[in-house]
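Letters A, B, ... are given to chains in the order of the sequence lines, protein chains preceding strands, and every chain is numbered from 1.
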Amino acid sequence: MLKDFFLNEVNNAIKKAVLSNKLGQMTEYADLNLIIEKPKNTDFGDFAVNVSSLARNAKIAPPLIANSILEYLNSDKYTASVTGGFINFKVSDLTLADTINEVLSLKNKYGSFEKSGELKKEKILLEYVSANPTGPFHIGHGRWAAMGSALANLLKFYGHEVYQEFYINDAGSQIQKLGNSLKIRILQELGENIDFPSDEIERKNFYPGDYLIPVAKKFLKEHADIDVHSCDIQILCDFAKNEMENCQRKLLEGFRVNFDKFYSELDLHKSGKVEARYKELKDKGFLYEQDGAIWFKSTQWGDDQDRVIKKADGSNTYLTADIAYHADKFDRGFDRLIDIWGADHHGYIARVKASLQALGYNPDNLEVLLGQLVNLIVDGNEVRMGKRKNMVTLDDLIEEVGVDATRYWMEMRNIDMTLDFDIELAKRSTDENPVFYVQYAYARVCSILRNAISEKLNPENGETSKAPMTENEFNNLINNFDKNIILKTTDCAKALILKLEEFKSVIALSAKNRTVYTICRYVQELAQEFHSFYNSNRVICDDKELMKSRLALMVAIKITLKNALDILGVSAPERM
RNA sequence: GCGUCCGUAGCUCAGCUGGAUAGAGCAUCUGCCUUCUAAGCAGAGGGUCGCGCGUUCGAAUCGCGCCGGGCGUACCA
């Protein structure tokens, strides 16, 4: 990465200057933690390092320091200059040519650190969505689904090994509620005069949403022989649960979210792991009884209160299984666990980490990304969402808005921000939708590349003219790329090429910070640089060498845009 | 009350571990299609960075205290 390269250049130059006693009272080189930046005003240069912070040790003015360091900066990769306490670098054409060469040779691996020495490869388990199988996804789930899958793509692309998991909360009282709700819907289908309780508290034991009506119909069709009045309620529970799971999985697939495993809480219980972990905590003396319940001493590891792990009625809490689940993740050999949770679960972090520590695992290897929730905006007004009321489901949203726009909208904001999802806005396929702007750039690039090797039809006289270059010539240009070719267009494409180079830094930083929105920002910036270039420079032109130079640039843009869009899970259309 | 996230242009948001004149998109206004897709480009206007104090050569950024909003604060999941 050029950023690192220039930082390294400055640090080396400082060392040399210190050794030659050129930096005032500075007699030894310490790691100074200098910052490389991109000047807003490009007249200064393409990159800059502020060395003012050396003034304290050197006891001389920043400009003098900068000039002393400048003496040791010399390379054909750049020209360096000084203004004030800043050392400015202008990238040479040679360096720009290297970048294009790198993109063209690495192709779909451009931006990846897979083979880089900087990569500390980790085996990561990323868990997200993990919804109850009690109903369709709501819009909030869509945020975790989009962000989680994009984060997985990002971390994989960067070079980590990533395993994606969905934890199914298919054990516990909510499944009973689901079965009971299905029973009512079936009886309604049979014409009985029955309904969900009108009392609000009673009603909380049911899922009165319409979505169980088709499930009831399907049940009657497949199980005409079963008497719903007298049958084991478990049959209804299982049927409803399977239906819900299937519908969730189908949606995820269409939303380009691909889990490696759906981990069933029920299976976890059956495996005996939950009970085993309970025993382990008990044997270690971390449990105690109070008011008929069993409590876990989570305060011992920083939680603000102890937590019930077995209720007075003998059943487990949600936490009990979650402890076993997270311990099991580590036991399966993962170096790092990343969970995406809604901000409403924030109180859970301390207790889960406490339990991991109690069981002898390092809680720092569990990262919980807390996502703020999604507000749905309809007609300019916020719509409250409740699982039990009629709601806008993720299905509805995707159908109206499309997978690309829905994903992009979910991904483009920092996870710390409450997301206002304005349906009307996202539906518009106009300028207000940045995803079209980016896809349009891609389609335009593809169009140019097509035109470069296609013969052209003149609509006035019906004659066709020869293609600007043959397919062989084109392939030869790209596959046996001579970097000198690009020098022909570096002067007007400099900003664009530097933006392509920046992709590597963006990937590294995004992977480190676990952010996806930074990829969205980048892809918009790259598209903008391209559109700007496009409007003032023709790619296909009479100057053959210039055309080759620009075609190579177009291919580099195409590759980089595609790599970024693939991470986001947004399609890259060749035509629009 | 406590914990946590947020408060930057009319709107939606960037601003990386403090650094050159606080940025982008949308909206508003002005230009640009006989040549590769105008879903585009070029330009203009628009901000006491919620408020106050502190640390620093330097604060939107760090610390403390307020103000305003979201979420949480269960023997629910």
Nucleotide forming a Watson-Crick or wobble pair with B/C2, both distances under 3.5 Å: B/G72

Residue A/Q372, side-chain atoms from C-beta onward, closest of B/G70, B/C41, B/U35: B/G70

If you assign each of A/R413 and A/F44 to its closest nucleotide in RNA chain B, which residue comes earlier from the 5' end? A/R413

A/N132 side chain: which of B/U37, B/A77, B/C41 is closest? B/A77

Give me the distance, rounded to whole Å, that separates B/G1 from B/G10 when you measure between the C1' atoms they each carry. 37 Å

Looking at the side chain of A/A48, which of B/C75, B/A20, B/U37 is the nearest nucleotide? B/A20

Rounded to whole angstrom, note down the C1' distance from B/C5 over to B/A9. 23 Å

Ignoring hydrogens and geometry beyond distance, is a side-chain donor-acceptor pair present between A/R550 and A/T489 at under 3.5 Å? yes

For B/C41 and A/N537 - does any side-chain N or O of the residue sit under 4.0 Å from the phosphate oxygens OP1/OP2? no

Can you classify the ring geometry of A/Y348 versus A/W341 as parallel (below 30°), tilted (30 to 60°) or perpendicular (above 60°)? perpendicular

Over how many whole Å does the gap from A/N433 atom CG to B/A27 atom P extend? 12 Å

Answer yes or no: does a side-chain N or O of A/Y517 lie under 4.0 Å from OP1 or OP2 of B/G15? yes

Kindly say if A/Y318 contacts the phosphate of B/A74, meaning a side-chain N or O under 4.0 Å from OP1 or OP2. no

Is it the case that A/E529 and A/Y534 place a side-chain donor and acceptor less than 3.5 Å from each other? no

Side-chain donor or acceptor of A/N88 under 3.5 Å from a matching atom on the base of B/A20? yes

Looking at every strand, decide which applies to A/H346 at a 4.0 Å heavy-atom threshold: base, sugar-phosphate, or nothing. base

For A/D542, I'd like to know if atom CG has over 12 heavy atoms of other residues, nucleotides or ligands within 6.0 Å. no

Kindly point out which of B/C16, B/A14, B/A39 is positioned nearest to the side chain of A/F436? B/A39

Assign A/M576 to base, sugar-phosphate, or nothing according to its heavy-atom contacts below 4.0 angstrom with the strands shown. base

Sticking with atom C1', work out how far B/G7 lies from B/G52, rounded to a whole angstrom. 16 Å

P-based separation of B/G65 from B/U21 [nearest Å]: 32 Å

Which part of the nucleic acid, if any, lies within contact of A/D322, taking any heavy atom under 4.0 Å across all strands shown: a base, the sugar-phosphate backbone alone, or nothing? nothing

What's the closest nucleotide to the side chain of A/S447 if the choices are B/U37, B/A14, B/C41? B/U37

Does the side chain of A/K310 pick up a donor-acceptor pair with the side chain of A/N316 at under 3.5 Å? yes

Under 4.0 Å, counting only non-hydrogen atoms across every strand here, what does A/E529 touch: a base, just sugar-phosphate, or nothing? nothing

Determine whether the side chains of A/Y408 and A/Q524 contain a donor N or O and an acceptor N or O closer than 3.5 Å. yes

Check for me: is A/F86 stacked on B/A20 by the 5.5 Å centroid and 30° plane-angle rule? yes

Return the nearest nucleotide to the side chain of A/D416; candidates are B/U37, B/C6, B/C71. B/C6

Report yes or no: do A/T515 and A/N414 form a side-chain donor-acceptor pair below 3.5 Å? no

Just checking A/N513: base, sugar-phosphate only, or nothing, at a heavy-atom cut-off of under 4.0 Å? nothing

Contact class for A/A441 (heavy atom, under 4.0 Å): base, sugar-phosphate, or nothing? nothing

Pick the nucleotide of RNA chain B nearest each of A/Q305 and A/A527; which residue has the one closer to the 5' end? A/A527

Roughly, in whole Å, what's the span from CG in A/D304 to C1' in B/G72? 11 Å

Measure from the side chain of A/R450, starting at C-beta and using heavy atoms only, and say which of B/C5, B/G19, B/U37 lies closest. B/U37

Which of the following nucleotides, B/C41, B/A77, B/C75, is nearest to the side chain of A/N535? B/C41

Same-atom distance (C1') from B/C64 to B/C13, integer angstrom: 28 Å

To the nearest Å, how far apart are A/K38 NZ and B/G19 C1'? 18 Å

Distance test, side-chain N/O of A/R444 to OP1/OP2 of B/A38, below 4.0 Å: yes

Separation between the P atoms of B/C66 and B/U30, rounded to whole Å: 50 Å

Among the nucleotides B/A14, B/G40, B/A20, whichever has the atom closest to the side chain of A/Y437 is B/G40

Just name whichever nucleotide pairs with B/G52, Watson-Crick or G-U, keeping both distances under 3.5 Å, else none. B/C64

OP1 or OP2 of B/A42 versus the side-chain N and O atoms of A/S532: is any pair under 4.0 Å? yes

As its Watson-Crick or G-U partner within any shown strand, both distances under 3.5 Å, B/C29 has B/G43

With a cut-off of under 6.0 Å to the ring centre and 45° to the axis, is A/K562 in cation-pi contact with A/Y442? no

Quick one, A/F86 and A/F44 - any side-chain contact, counting heavy atoms below 4.5 Å? no

Between B/C71, B/A39, B/C36, which nucleotide gets closest to the side-chain atoms of A/D344? B/C71

Using a 4.0 Å heavy-atom cut-off, does A/S536 contact any base of the nucleic acid, only the sugar-phosphate backbone, or nothing at all? nothing

With syn defined as a glycosidic angle within 90° of 0 and anti as everything else, classify B/C6. anti

Measuring only the C1' atom in each nucleotide, how far is B/U4 from B/G40? A whole number of Å is fine. 43 Å

NA contact type, A/A443, heavy-atom cut-off 4.0 Å: base, sugar-phosphate, or nothing? base

At 4.0 Å (heavy atoms only), tell me whether A/R307 reaches a base, stays on the sugar-phosphate, or touches nothing. nothing

Quote, to the nearest angstrom, the P distance that separates B/C75 from B/U56. 47 Å

